[in-house]
Amino acid sequence: MSDTTTMEQLVSLCKRRGFVYPASEIYGGINGFWDYGPLGIQLKNNVRDAWWRAMVECPPIGPDGQPVQIVGLDSSIIQNPKTWEASGHVGGFNDPMVDCKECKSRFRADQVAMVTFLVNGDEVMTVGAVCDSPEVAVDEAMSSLNSKNRRRLEKHGDKLVSVVKTVEQLPAGETGNCPKCSGELTEPRMFNLMFDTYTGAIRDENAKTYLRPETAQGIFLNYKNVLDTMRVKVPFGIAQVGKAFRNEVTPRNFIFRSREFEQMEMEWFCCEEDVPMWYEFWKQQRMDFWCKIGLEGDNLIFRDHDGDELAHYSKACVDIEYRYPFTAPGFGELEGIAHRGCFDLTQHQTHSKAKMEYFDQPNNRKFLPHVIEPASGLTRGTLALLCEAFTPDEGRASKVFMKFKPSMAPVKAAVLPLVAKDGMPEIATQLYMQLREKHMVEIDIKQSIGKRYARQDEIGTPYCFTIDGDTLDDNTVTVRHRDTLDQERIPLDGVAKFLDEKITG
RNA sequence: GCGGGCGUAGCUCAGUGGUAGAGCGUCACGUUGCCAACGUGAAUGUCGUGAGUUCGAAUCUCAUCGCCCGCUCCA
């Protein structure tokens, strides 16, 4: 089966069985937005709760044998817009871009240089070049030339002079040439990756605010509040789960890249000397987490960012990548663990004038903590679980079943009377009322037993408890196992304990 | 944003200018004895949306929205 087919079937199943619907569907949809159905939100909440549990409620044991300290937070989506100037998002998320009208290539305007070669003040040739800095532009331009043009320039020897301008610096009305095909480029155009809105009744530029493109900044804004009110000491972490918004150029691949998504981020504040140790610590912790909630080790990899891939403030960054069907045999990002140095606290201290320094009493010193940031996509994690669970099986009626780890399954168990008579529905209802006290369970009385098993397979319910004729005689029920189709009998009054052990054990 | 493909019932799809269809699913009633059983019946469609051509458009044209693939983007 092709991977495109797999995704199509998964998207279809998600719609059909109430995991994920296209947003605003009755109005024709809206690109890059998705709604989570009854089962989707259950699954997403399970991932979120597992993360919160692993971070805030029961954080890991640190290298010193003691549990590390992490507290929770839920900051506002809209903050003072100066937040995003300080963080660099107003600059960084607003890159002017140019497109080639001929070959349709797109470039960042500040990375395309026009190199004009002059001899005695006369222009000989102008060439476009892609470059990170003006210093390398001439070399880039030269190497992009064909041998004929290169000889034409080289014969001028020392008389040859070059002038470099990025296309941003060109006079108004003048456009550059494409570094690839020499075609005409468009004027630089802005691509705003941050959504903006207006706060308050007066709609002028002063009232402009932004929907957060990441949850992390809300943590930095509250770093001092937490420090002052929560009896925490460096090293410690602040964790947050919430929506973030990016006006992606091309939303793609189901819920993988959407314009509204959900993040689970933790900022770990520590002293500079210990940063490499904590970086390695969190790297391993985070990988263990994804395995623990049901992703196969083979489908997960670490990928270190190259130097030129790192953000300007970042000293190191590693992604945990998952082998999604649409990236296979390659991998796509699931979580990034970034070493952010003290960039963010420094920025906010500078822009806000608020003191962000930490006073280390035992050592009698003040410093700005450095930060390790494990930042994962909750919606991407949910997608990874959906992909991982999707298991075609021609041998069973549904042709496919969702093999969620029991602890992550949206529905933990279904209670099914074999037939709707002889008091079976009544016993089933009693069992259902008991089980729902602790777990997400369903009761389903209508239709044939096979049809009901098939439906539970498709939504990934790990256990079905069937009340049958024998139940009436000896108070036992059939347990039907999703993955193996095996059946066993257990006492009716042992069902709750059985389920507890399977879900939490 | 560019290029290509696509859009008909909840899902998968047939329907090339002349009555809106199939399978599956869903629901109801009957039946039921462990894997989408069976019988009977039912609901569900502005044929993505809007204009145009035509006596007549799901079908042809244009625009638009959305989805998929490839670029590009993803500080």
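Side-chain atoms are counted along with the backbone in the values below, which use heavy atoms only and exclude waters and symmetry mates. Reminder, nothing fancy here: chain letters follow the sequence lines and each chain counts from 1.
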Round to the nearest Å and state the distance from [X] atom [atom1] to [N] atom [atom2].
X	N	atom1	atom2	answer
Q9(A)	rG10(B)	CD	P	20 Å
E214(A)	rC74(B)	CD	P	15 Å
F261(A)	rC74(B)	CZ	P	14 Å

Subject >> Check against side-chain hydrogen bond (donor to acceptor under 3.5 Å, both in side chains), E442(A) and Q456(A) >> reply: CA-CA 9 Å; E442(A) 284 190 353; Q456(A) 297 300 333; 3.2 Å; yes
[N] - base-pair partner by Watson-Crick or wobble geometry, distances under 3.5 Å:
N	result
rA51(B)	rU61(B)
rG66(B)	rC6(B)
rU19(B)	none
rU46(B)	none
rA28(B)	rU40(B)

Polar atom pairs (N or O), protein with nucleotides 21-27 of chain B, under 3.5 Å:
residue: rU26(B); atom: OP1; partner: R455(A); partner atom: NH2; Å: 2.9
residue: rC27(B); atom: OP2; partner: Q447(A); partner atom: NE2; Å: 3.4

**OP:** Establish, yes or no, whether a centroid distance under 6.0 Å links the rings of F19(A) and Y36(A).
**Re:** no
**OP:** Kindly state whether the ring of F498(A) and the ring of Y463(A) have centres lying under 6.0 angstrom apart.
**Re:** yes
Original post:
Between R489(A) and D468(A), is there a side-chain N and carboxylate O pair less than 4.0 Å apart?
Top reply: yes
Original post:
Is it true that R340(A) and E214(A) have a side-chain N and a carboxylate O under 4.0 angstrom from each other?
Top reply: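 Salt bridge between R340(A) and E214(A), a charged N being under 4.0 Å from a carboxylate O: yes.
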Restricting to side-chain contact (heavy atoms from CB on, under 4.5 Å), what partner residues turn up for [X], sequence neighbours left out?
X	answer
T429(A)	M433(A), I443(A)
P325(A)	D3(A), T6(A), M7(A), C387(A)
K243(A)	I77(A), F245(A), E260(A), E262(A)

Original post:
Are any of the side-chain heavy atoms of R380(A) and E335(A) separated by less than 4.5 Å?
Top reply: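 A side-chain contact under 4.5 Å is absent here.
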Does [X] reach a base, just sugar-phosphate, or nothing at all? Heavy atoms under 4.0 Å.
X	value
D422(A)	base
L418(A)	base
K15(A)	sugar-phosphate
E458(A)	base

Original post:
Would R246(A) count as a cation-pi partner of F195(A), with NZ or CZ less than 6.0 Å from the six-membered ring centre and within 45° of the ring normal?
Top reply: no
Original post:
Only one of K399(A), R16(A), R396(A) forms a side chain to side chain donor-acceptor pair (under 3.5 Å) with E458(A), so which one is it?
Top reply: R16(A)
Tabulated below should be each protein N or O lying under 3.5 Å from an N or O of nucleotides 64-68 of chain B; please produce it.
residue: rG66(B); atom: O4'; partner: G28(A); partner atom: O; Å: 3.2
residue: rC67(B); atom: OP1; partner: N31(A); partner atom: OD1; Å: 3.0
residue: rC67(B); atom: OP2; partner: N31(A); partner atom: OD1; Å: 2.6
residue: rC67(B); atom: OP2; partner: N31(A); partner atom: ND2; Å: 3.2

Subject >> Within residues 478-488 of chain A: residues closer than 4.0 Å to RNA chain B (heavy atoms) >> reply: T478(A), R480(A), L485(A), Q487(A)
Original post:
Can you tell me if the side-chain N/O atoms of K421(A) get under 4.0 Å from OP1 or OP2 in rU32(B)?
Top reply: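 Result: yes.
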Subject >> Most 5' of F326(A) and K399(A) on RNA chain B, judged by nearest nucleotide >> reply: K399(A)
